[in-house]
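The structure appears below as structure tokens.
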Amino acid sequence: MKKILGIVSSARRLGNCEIMVKEVFRNLAEPCELNLLRLTDFQIDPCRGCYHCLFKDGDCVLDDDCSTVLEAIGSADAVILAAPAYFLGAHSALKRFLDRGLSFYGEMDRMWGKPAVGVAVAGIPGMEGSTLLGIESFLKLILADIRQTRVVYGALPGEIFLDDGNRKVARRLAQSLFGPKVPKSAPSCSLCGGDTFRFIGPDRVRCMLCSNAGTLHMQNGTAVVEMEMSDHQLFLTRQDVRNHKTWLIGMKERFMAMRKSLKPISVDYLKDGQWIKPHPKRQNANFEKDYEE
Ligand SMILES: Cc1cc2nc3c(=O)[nH]c(=O)nc-3n(C[C@H](O)[C@H](O)[C@H](O)COP(=O)(O)O)c2cc1C
């Protein structure tokens, strides 16, 4: 029996995200096992940017729940994710976990290519902002195979299923988890399927999901984006992940070689300003070391 991991990125018990994940699961064509993970229940500390995990097979210096979440993803056969819109973006629990992404590379072979679907839940139609991008970035960074993502609307807990429309959405998401991939109906990145772009020139755009650039033009009244691959795309192939890891590891050597010329640049700013301190109970171990010495 396949093991499905339902990831709920909302603290609200039996809220819209939770019931959406469960509704998608109920609609799966074959009997599966559902394990649930409420991301907001887990202590995920901010990444320190120390790169320790890159050199130690994913082992992180922080003592928190990151590896528990990673293990849950690694041992699942497929993922159903839902997160709410919070101030025009996906709930920060998603990003907090993603910021620890360097430690995922050690698990690449266990993580790569798991089928996944994602749902962005927003309270006000049209007010989802970048939430869907947040959902897709999360699925991409856990190296999943994104089968389909959708935005649904509902503010009060349970409201998404007041009528039947979103139950149909759940049904379609369930069908696509192990069935045919559902292409985007709106213009999208020909390389990764992302549909959020930033203009970087009059007709040049960058895909916010894979970070490749391309040219936008109109064809028979429809916007078409022709994308080009780059050295730092995120991540179209397993090799892209390996390349990025190798590049990052190379940065350590570059840093060691340039340390003497870089240090005076930073140190010149050491004494500027007064740091406002958090409450002593919440000061992290590095606080005094970083800023007082
Ligand atoms: C702090 C906060 C910020 C929110 N920001 C937005 C927003 O920017 N856009 C929107 O459409 N809904 C917003 N909402 C509404 C939620 O996305 C909506 O209620 C959703 O159904 C919550 O999902 P849940 O029940 O799983 O927690 C916000 C809700 C909260 C609590």
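When a ligand or atom number is given, it counts from 1 through the structure's own listing order. Start at 1 with the first residue, then count along the sequence.
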TODO: Could you tell me which atoms of ligand 1, counted from 1 in the order shown, lie closer than 4.0 angstrom to a heavy atom of I124?
DONE: 10 (C), 11 (O)
- [ ] For V225 and T215, run side-chain contact (heavy atoms from CB on, under 4.5 Å): C-alpha distance rounded to whole Å, both residues' side-chain angles, the deciding distance at 0.1 Å, then the answer.
- [x] CA-CA 6 Å; V225 224; T215 303; over 6 Å; no
Task: Closest protein heavy atom (residue, atom, distance) for atom 13 (C) of ligand 1 - done: A85 O, 3.2 Å
Task: For atom 27 (O) of ligand 1, the protein heavy atom that lies nearest, with its residue and separation - done: S10 OG, 2.6 Å
Task: Proximity winner for atom 10 (C) of ligand 1, if only heavy atoms of C17, G123, G15 are counted - done: G123
Open item on the list: What's the separation between atom CG in L139 and atom CG in L94, rounded to the nearest 0.5 Å?
Closed with: 8.5 Å
Open item on the list: So which atom in C60 and which in R100 form the shortest heavy-atom distance, rounded to 0.1 Å?
Closed with: SG-NH2, 3.2 Å
Task: Donor-acceptor side-chain pairing of D65 and Q43 below 3.5 angstrom - done: no
TODO: Consider only side-chain N and O atoms of R172 and Q175, and report whether a donor and an acceptor are under 3.5 Å apart.
DONE: no
Open item on the list: Only heavy atoms of V121, strictly under 4.0 Å: list the atoms of ligand 1 that pass.
Closed with: 17 (O), 20 (C), 21 (O)
- [ ] If you have a sec, work out which protein heavy atom is nearest atom 23 (O) of ligand 1 and how many Å separate them, to one decimal?
- [x] P84 CB, 3.5 Å
TODO: Could you tell me which atoms of ligand 1, counted from 1 in the order shown, lie closer than 4.0 angstrom to a heavy atom of R12?
DONE: 19 (O), 21 (O), 22 (C), 24 (P), 25 (O), 27 (O)
Open item on the list: At less than 4.0 angstrom from any non-hydrogen atom of N16, what atoms of ligand 1 do you find?
Closed with: 21 (O), 24 (P), 25 (O), 26 (O)
- [ ] Among all protein heavy atoms, pick out the one at the shortest distance from atom 2 (C) of ligand 1; state its residue, atom name and that distance to 0.1 Å.
- [x] Y86 CD1, 3.7 Å
Task: Atom indices of ligand 1 within 4.0 angstrom of F87 heavy atoms, with elements - done: 1 (C), 3 (C), 4 (C), 5 (N), 6 (C), 7 (C), 8 (O)
TODO: Pick, from V119, L88, T40, the option with the minimum heavy-atom distance to atom 8 (O) of ligand 1.
DONE: L88
Task: Flag if over 12 foreign heavy atoms under 6.0 Å of NZ, K181 - done: yes
Task: Min heavy-atom dist G154 to ligand 1 below 4.0 Å - done: yes
Open item on the list: For K95, I'd like to know if atom NZ has over 12 heavy atoms of other residues, nucleotides or ligands within 6.0 Å.
Closed with: no
Open item on the list: Please report whether the ring centroid of F97 lies less than 6.0 Å from that of F104.
Closed with: yes
Open item on the list: Regarding Y153 and E128, do their side chains bring together a donor and an acceptor under 3.5 Å, going by distance alone?
Closed with: yes
TODO: Just need the protein heavy atom nearest to atom 9 (N) of ligand 1, so name the residue and atom and give the distance.
DONE: M127 O, 2.8 Å
Task: ligand 1 atoms in contact with A155 (distance to a heavy atom under 4.0 Å) - done: 18 (C), 19 (O), 21 (O)
